[in-house]
Amino acid sequence: MSKIIPALRIKNFSFYYDHQKVIEDVSMEIPQNKITAIVGPSGCGKSTFLKSLNRMSELEEEVRVEGKVEFFGQNIYGRRVNLNRLRRQITTIYARPNLFPMSIYDNVAYGVKLIGWHPKSELDEIVELALKSADIWEEVKHKLHKSALELSCGQQQRLCIARALAVKPQVLLMDELCLGLDPIATIKIEELIEGLRSELTIVFISHNIQQVSRLSDFTAIFHYNENHIGQLLEFAPTKKLINHNPDYRHRDFASTRYR
Ligand code: ADP
Ligand code: MG
């Protein structure tokens, strides 16, 4: 078995919105080029935790953290961190597609252009490769200059993934994977993630335990304590935690407190 290297090392991490503590003392290591799922009841801090991994949480309001999040050894909460670079390396895909009102091509090229100038032929190649990696090339190659907003929701979500892949991230964070998508669109996204396995570190939140057991290598189970503060309950290989554990295999992770 290949050696497991942590891409992200979270150490005694607590998180506050204003003065309100919402996550307490989470420590875990997110392995490089593996798929990690986060499950837990609503309000236990899953989204907040995910947003903390690339400091997107700070865009909303005053936040405070304790502890550390290390990305290949560098504390992302350190003072000298370049946030634009961090968010390119660790990028977020939201539950609902958030494309720009531009063409399919321009959506994918957007982030690439921000980083630096490329000749048109090179940009074309980057866009094509990203669309292929996101498993949507065949569906859009004949209409690259049409509005991205004309695509179906599932296609838009895959285009968001293409846009993210175009800037060559190392980590993809996905909140509420496939929320509101029909089963066929969901399978397409799952296949796409399957195809990215071993090239990228992926962390996703899902309420669908079958999906978690199909896709993820590791699972983190969050819950909230009696003070309504989110905590990590367990972190282990998915096989061990869910597939071989009847207690979890049939649990409704969306609505229950576990302890
Ligand atoms: P989950 O994704 O597990 O449902 P969240 O991370 O969204 O949980 O929320 C965790 C807690 O933080 C909840 O009590 C929620 O009300 C609170 N919270 C979430 N976002 C904000 C915010 N922007 N400002 C203040 N409190 C928030
Ligand atoms: Mg959430």
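Below, all heavy atoms of this structure are taken into account, side chains as well, without hydrogens, waters or symmetry copies. Whatever order the structure lists them in is the order used to number ligands and atoms, beginning at 1.
For atom 26 (N) of ligand 1, the closest heavy atom belonging to the protein is Y17 CD1, 3.3 Å. At the shortest separation from atom 22 (C) of ligand 1 among protein heavy atoms lies E61 OE2, 3.1 Å. In terms of protein heavy atoms, atom 12 (O) of ligand 1 is closest to V22 CG1, 3.3 Å. When hydrogens are left out, the protein atom nearest atom 3 (O) of ligand 1 is K46 NZ, 2.7 Å; that is the closest non-hydrogen contact. For atom 8 (O) of ligand 1, the closest heavy atom belonging to the protein is G45 N, 3.2 Å.
Between F218 and F235, the ring planes are parallel. Angles under 30° get that label, and only those over 60° would be called perpendicular.
Between S42 and ligand 1, a contact under 3.5 Å exists for no N or O pair. Between F49 and ligand 1, a contact under 3.5 Å exists for no N or O pair. Residue C44 has at least one N or O atom closer than 3.5 Å to an N or O atom of ligand 1.
For atom 16 (O) of ligand 1, no protein heavy-atom neighbour is found at a distance under 4.0 Å.
Contacts between T48 and ligand 1 below 4.0 angstrom, taking non-hydrogen atoms only, involve backbone and side chain alike.
Between atom 13 (C) of ligand 1 and the options S52, S47, G43, the minimum heavy-atom separation is to G43.
Of all non-hydrogen atoms in G40 and H207, the two that sit nearest each other are O-CE1, 3.4 Å. The nearest pair of heavy atoms linking S14 to E24 is OG-CA, 3.6 Å. Closest heavy-atom contact between V167 and V112: CG1-N, 3.7 Å. Scanning all heavy atoms of the two residues, the minimum distance from F15 to S57 falls at CE1-OG, 3.5 Å. The shortest heavy-atom contact between L159 and I136 is N-CD1, 4.2 Å. Y17 and V63 make their closest contact through CD2-CG1, 4.0 Å (heavy atoms, listed as atom of the first residue, atom of the second, distance).
For the residue pair T238/T219, the side-chain donor-acceptor check at 3.5 Å is satisfied. Inspection of the N98 and R163 side chains reveals an N or O donor paired with an N or O acceptor under 3.5 Å.
For the Mg ion (ligand 2), protein N/O/S neighbours under 2.8 Å (waters excluded) are S47 OG.
At most 12 heavy atoms of other shown residues, nucleotides or ligands fall within 6.0 angstrom of atom CD in E62. Crowding of L59 atom CG: a count of heavy atoms from other residues, nucleotides or ligands under 6.0 Å exceeding 12.
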